[in-house]
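Indexing begins at 1, ligand by ligand and atom by atom, following the structure's order. Owing to the predicted nature of the structure, the values given are computational and were not obtained by experimental measurement. Values below: all heavy atoms of this structure, side chains included; hydrogens, waters and symmetry mates excluded.
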Amino acid sequence: MSSIRTAVFPVAGLGTRFLPATKAIAKEMLTVVDKPLIQYASEEAVAAGMENLVFVVGRTKNAIIDHYDKAYELETELALRKKDALLEVVQQVVPSHIHCVFIRQSEALGLGHAVLCAEPAIGNKPFAVLLPDDLIYNKDGPSCIQQMVDVYEKKQGSVIGTQTVPIAESHKYGMVAGPKLEDRLARVDDLIEKPSAEESPSDQAVVGRYILTPAILDVLRTTQRGAGNEIQLTDAIAELRKKEEIYAYSFEGRRYDCGSKNGYLEANVEIALQHDEMAEEFKEYLRNLKLD
Ligand code: UTP
């Protein structure tokens with residue numbers, strides 16, 4: 001059994017890059033093919049053995065709470081109409097052994113602050129953080145967070161998911177550097193939030209998957225505002241590194257940045273092309289699509 005039982009989903013950001021779509025609904029409820037982004041992330045956590053799902057929500061996020069609630073009327077109606085397969089789909093959003101907790105971040109003060117808001121539901125155990133707008137797909141292999149749980153079990157230290165990016169894009173990410181330890185695994189010696197290409201210590205970017213020891217919560221309590229005037233999780237991890245070993249894990253799989261319009265469209269196209277029900281019809285559509 002995995003020692004990581006709690007997954008935190010910080011979903012209280014403003015989602016400004018998707019306005020006006022995100023004026024009244026959460027960015028994490030935008031759908032990729034037939035599921036909201038948040039559900040891809042919660043399924044990834046549940047498949048990796050996590051049972052406590054902690055959602056840090058803000059205003060306009062009530063649809064997320066509803067999505068993880070029992071839908072009595074809908075379920076009764078589907079049962080009456082003998083739509084058993086659909087009923088199963090609806091009920092499996094929250095498998096029966098899963099507990100969901102919702103915590104409000106009243107002001108979007110940053111990702112680090114959102115994680116600290118989850119403290120009452122985390123306790124004194126290591127936990128995972130998944131940012132649902134990074135949709136990571138590894139169709140025939142273990143999910144990104146599963147791979148990272150496996151690293152945690154071996155190393156017993158915090159692990160951050162990383163990916164190689166063009167150095168010109170370093171200003172969009174936390175960037176890490178450190179010596180390689182094994183295939184895909186490095187030690188983190190240097191970690192900077194949103195550096196310029198000149199300041200970036202490497203081309204390794206932090207993506208939205210973390211396994212963190214509870215010591216991060218003590219650090220976050222005193223972390224000051226950083227890049228973008230927000231309390232940054234990256235800054236807290238850089239501080240934690242002075243006390244504990246931190247590992248960077250270059251995951252296997254394809255990441256879609258669904259916080260950006262292009263990444264979101266790419267996810268829809270590529271996941272549709274691998275979807276059991278609709279791949280063939282969609283391929284046919286693309287084949288016949290005439291582009292000028
Ligand atoms: P982003 O940097 O993507 O910010 O947050 P955002 O507000 O969601 O989107 P844009 O940039 O305005 O379009 C990364 C993750 O951290 C969460 C977001 O919900 C997202 O999952 N977050 C960010 C919080 O939960 N609280 C915050 O104060 C900031």
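- At least one cation-pi condition fails for K261 and Y264: the charged atom is not both under 6.0 angstrom from the six-membered ring centre and inside a 45 degree cone around its axis.
- Applying the ring pair (Phe, Tyr, Trp, His ring centres under 6.0 Å) rule to F55 yields the partners F9, Y68, F102; only residues at least two apart in sequence or on another chain are considered.
- Residues passing the salt bridge (Lys or Arg N to Asp or Glu O under 4.0 Å) test with E43 are K35, sequence neighbours excluded.
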List, for ligand 1, each N/O atom that has a protein N/O partner under 3.5 Å away, with both atom names and the distance.
{"unit_1": "ligand 1", "atom_1": "3 (O)", "unit_2": "R17", "atom_2": "NH2", "d": "3.0"}
{"unit_1": "ligand 1", "atom_1": "3 (O)", "unit_2": "K27", "atom_2": "NZ", "d": "3.1"}
{"unit_1": "ligand 1", "atom_1": "3 (O)", "unit_2": "D133", "atom_2": "OD2", "d": "3.4"}
{"unit_1": "ligand 1", "atom_1": "7 (O)", "unit_2": "L14", "atom_2": "N", "d": "2.8"}
{"unit_1": "ligand 1", "atom_1": "7 (O)", "unit_2": "G15", "atom_2": "N", "d": "3.1"}
{"unit_1": "ligand 1", "atom_1": "8 (O)", "unit_2": "K27", "atom_2": "NZ", "d": "2.7"}
{"unit_1": "ligand 1", "atom_1": "9 (O)", "unit_2": "G15", "atom_2": "N", "d": "3.4"}
{"unit_1": "ligand 1", "atom_1": "9 (O)", "unit_2": "K27", "atom_2": "NZ", "d": "3.2"}
{"unit_1": "ligand 1", "atom_1": "11 (O)", "unit_2": "R17", "atom_2": "NE", "d": "3.1"}
{"unit_1": "ligand 1", "atom_1": "11 (O)", "unit_2": "R17", "atom_2": "NH2", "d": "3.2"}
{"unit_1": "ligand 1", "atom_1": "12 (O)", "unit_2": "T16", "atom_2": "N", "d": "2.8"}
{"unit_1": "ligand 1", "atom_1": "12 (O)", "unit_2": "T16", "atom_2": "OG1", "d": "2.5"}
{"unit_1": "ligand 1", "atom_1": "13 (O)", "unit_2": "T16", "atom_2": "N", "d": "3.0"}
{"unit_1": "ligand 1", "atom_1": "13 (O)", "unit_2": "R17", "atom_2": "N", "d": "2.8"}
{"unit_1": "ligand 1", "atom_1": "13 (O)", "unit_2": "R17", "atom_2": "NE", "d": "3.0"}
{"unit_1": "ligand 1", "atom_1": "19 (O)", "unit_2": "P10", "atom_2": "O", "d": "3.3"}
{"unit_1": "ligand 1", "atom_1": "19 (O)", "unit_2": "A12", "atom_2": "N", "d": "3.4"}
{"unit_1": "ligand 1", "atom_1": "19 (O)", "unit_2": "G13", "atom_2": "N", "d": "2.9"}
{"unit_1": "ligand 1", "atom_1": "19 (O)", "unit_2": "E28", "atom_2": "OE2", "d": "3.2"}
{"unit_1": "ligand 1", "atom_1": "21 (O)", "unit_2": "P10", "atom_2": "O", "d": "2.8"}
{"unit_1": "ligand 1", "atom_1": "25 (O)", "unit_2": "A12", "atom_2": "N", "d": "2.9"}
{"unit_1": "ligand 1", "atom_1": "26 (N)", "unit_2": "Q105", "atom_2": "OE1", "d": "2.7"}
{"unit_1": "ligand 1", "atom_1": "28 (O)", "unit_2": "Q105", "atom_2": "OE1", "d": "3.3"}
{"unit_1": "ligand 1", "atom_1": "28 (O)", "unit_2": "Q105", "atom_2": "NE2", "d": "3.3"}
{"unit_1": "ligand 1", "atom_1": "28 (O)", "unit_2": "L109", "atom_2": "N", "d": "3.2"}
{"unit_1": "ligand 1", "atom_1": "28 (O)", "unit_2": "G110", "atom_2": "N", "d": "2.7"}
{"unit_1": "ligand 1", "atom_1": "28 (O)", "unit_2": "G110", "atom_2": "O", "d": "3.4"}

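- Minimum heavy-atom separation, F18 to C258: CE1-O, 3.2 Å.
- For D235, there are no salt bridge (Lys or Arg N to Asp or Glu O under 4.0 Å) partners two or more places apart in sequence or in a different chain.
- Looking only at distances, no side-chain donor or acceptor of R255 sits under 3.5 Å from a matching main-chain atom of Q163.
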